[in-house]
Amino acid sequence: MSDSDKSPYPPSGESRSTFEGHRFSDEGLQRKHAQLLREKEEPSEGFSPMPLFLVFLIMILSFWAGIYMVEYGGYFDAFHFDETATPGILVQDTGPQEVDMLALGRRVYSQNCAICHGADGSGQAGVFPPVARADWVQDNPERLIKVTLAGLAGPIEVNGRPYNNAMTAFGRLSDQQIAAVLTYIRTDPALGNNSYPVSPELVAQVRAEWGARRNAWTGPELEEIHGPVTGNWSPSNGSTPETAEE
Ligand code: HEC
């Protein structure tokens with residue numbers, strides 16, 4: 001024993017297993033182990049509780065999100081659009097609020113029409129007719145409503161230039177959205193047309209009469225109903241179907 005206390009090596013002539021046994025029975029080592037066990041905590045696995053402030057933070061955030069959705073969620077209505085909405089409509093519901101038709105129309109235009117007619121309304125030569133500074137746009141609004149509801153196909157002339165292409169139907173837009181987009185292209189100074197606004201009531205009226213139509217309009221068909229495109233049509237000087245035939 002006295003020999004092994006001094007040398008870390010096994011006494012000569014002993015095998016390795018004996019060495020292990022020898023080390024294990026070493027008093028100094030056992031003392032060290034005892035000390036370690038006493039002073040150091042055993043590492044252990046398990047769940048530690050979430051910090052309390054995090055629980056409160058998540059609760060406060062969920063509460064805030066709930067209030068936010070009620071205030072600004074628009075009742076999750078796809079067609080709910082109100083540029084002038086003020087927060088707190090649930091508390092003081094004053095009925096339908098006035099909608100900024102130009103702002104709504106600009107949005108409807110950029111989402112649905114700009115892809116063909118261009119963001120600036122200038123179209124694409126020979127392919128997509130312009131809506132900026134266009135005789136059609138400043139003509140009878142009912143013609144435009146029909147075009148928007150059911151589409152337009154075949155040869156037409158816009159500003160004296162021929163086009164022979166097809167426009168898709170936008171009947172899925174609401175009366176208000178169609179009125180707004182047509183008001184936008186007819187009156188926004190940026191597009192250079194100088195005409196009067198289109199009301200949702202007029203769109204509803206045309207939809208009631210022609211909403212069932214599925215195939216696109218053609219230029220001649222519309223001309224038969226509304227007369228030729230002049231570009232300065234107004235309800236007072238415009239040709240009604242009756243006067244057009246005279
Ligand atoms: C897929 C491309 C396309 C989209 C999208 C489109 N149009 Fe058209 N639009 C056309 C084409 C093509 C014509 C001409 C059709 C023809 O040649 O008979 C046309 C014609 C018109 C006309 C009459 C001619 C003129 O330029 O003044 C108006 C008005 C019009 N579109 C408005 C709209 C509005 C409003 C929208 C969005 C709601 C819209 N278009 C979306 C392709 C499109």
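Position 1 is the first residue of the sequence, and the numbers go up from there. Keep in mind that the numbers below use all heavy atoms, side chains included, and drop hydrogens, waters and symmetry copies. Order of appearance sets the numbers: ligands from 1, and atoms from 1 within every ligand.
- Glu39 places no side-chain N or O within 3.5 Å of a backbone atom of Leu36 that could act as its donor or acceptor partner.
- Coordination check, Cys116 versus atom 8 (Fe) of ligand 1: failed, since every N/O/S atom of the residue sits at 2.8 Å or beyond.
- Restricting His117 to its N/O/S atoms, the shortest distance to atom 8 (Fe) of ligand 1 is reached by NE2.
- Scanning both residues, Gly126 and Tyr163, for their nearest heavy atoms gives N-CE2, 3.6 Å.
- In terms of polar-atom proximity, defined here as any N/O pair under 3.5 Å, Gly154 does make such a contact with ligand 1.
- At a heavy-atom distance under 4.0 Å, only side-chain atoms of Ile156, from C-beta outward, approach ligand 1.
- Although no hydrogens or angles enter the test, the distance criterion places no donor-acceptor pair under 3.5 Å between the side chain of Asn140 and the main chain of His226.
- Selection from Pro130, Ser110, Ala114 by nearest heavy atom to atom 26 (O) of ligand 1 gives Pro130.
- With respect to atom 36 (C) of ligand 1, the closest heavy atom belonging to the protein is Cys113 SG, 2.8 Å.
- At most 12 heavy atoms of other shown residues, nucleotides or ligands fall within 6.0 angstrom of atom OH in Tyr68.
- If you number the atoms of ligand 1 from 1 as listed, the ones under 4.0 Å from a heavy atom of Phe128 come out as 2 (C), 12 (C), 42 (C).
- The closest donor-acceptor contact from the side chain of His117 to the backbone of Pro129 lies under 3.5 Å.
- Using cut-offs of 30° and 60° on the angle between ring planes, the pair Tyr184 and Tyr109 is tilted.
- Side-chain N or O atoms of Ser195 include none that pairs as donor or acceptor with a backbone N or O of Arg186 at under 3.5 Å.
- A side-chain contact (heavy atoms from CB on, under 4.5 Å) with Trp136 is found for exactly one of Ile156, Ile185, Asn159, Val131, namely Ile156.
- Listed by number with element, the atoms of ligand 1 under 4.0 Å from a non-hydrogen atom of Val137 are 27 (O).
- Scanning the protein heavy atoms around atom 41 (C) of ligand 1, the nearest turns out to be Phe170 CE1, 3.4 Å.
- Within the 3.5 Å criterion, the main-chain N or O of Val127 finds a donor-acceptor partner in the side chain of Asn165.
- With respect to atom 29 (C) of ligand 1, the closest heavy atom belonging to the protein is Leu144 CD2, 3.6 Å.
- If you number the atoms of ligand 1 from 1 as listed, the ones under 4.0 Å from a heavy atom of Tyr163 come out as 17 (O).
- Near Ala166, the atoms of ligand 1 lying under 4.0 angstrom from a non-hydrogen atom of the residue are 12 (C).
- A salt bridge between Arg213 and Glu221 is present, with a side-chain N of the basic residue lying under 4.0 Å from a carboxylate O of the acidic one.
- Heavy-atom contacts of Ala153 reach the following atoms of ligand 1: 18 (O) (cutoff under 4.0 Å).
- What sits closest to atom 23 (C) of ligand 1 on the protein, heavy atoms only, is Trp136 CE3, 3.5 Å.
- At least one N, O or S atom of Met167, from either the backbone or the side chain, sits less than 2.8 Å from atom 8 (Fe) of ligand 1.
- In this structure, the side chains of Glu201 and Asp175 stay at 4.5 Å or more apart for every pair of heavy atoms.
- Distances from atom 12 (C) of ligand 1 to the heavy atoms of Asn165, Val158, Leu182 put Asn165 nearest.
- In this structure, atom 22 (C) of ligand 1 lies nearest to the protein heavy atom Val147 CG1, 4.2 Å.
- Every atom of ligand 1 is numbered from 1 in the order shown, and the set under 4.0 Å from a heavy atom of Asn112 is 5 (C).
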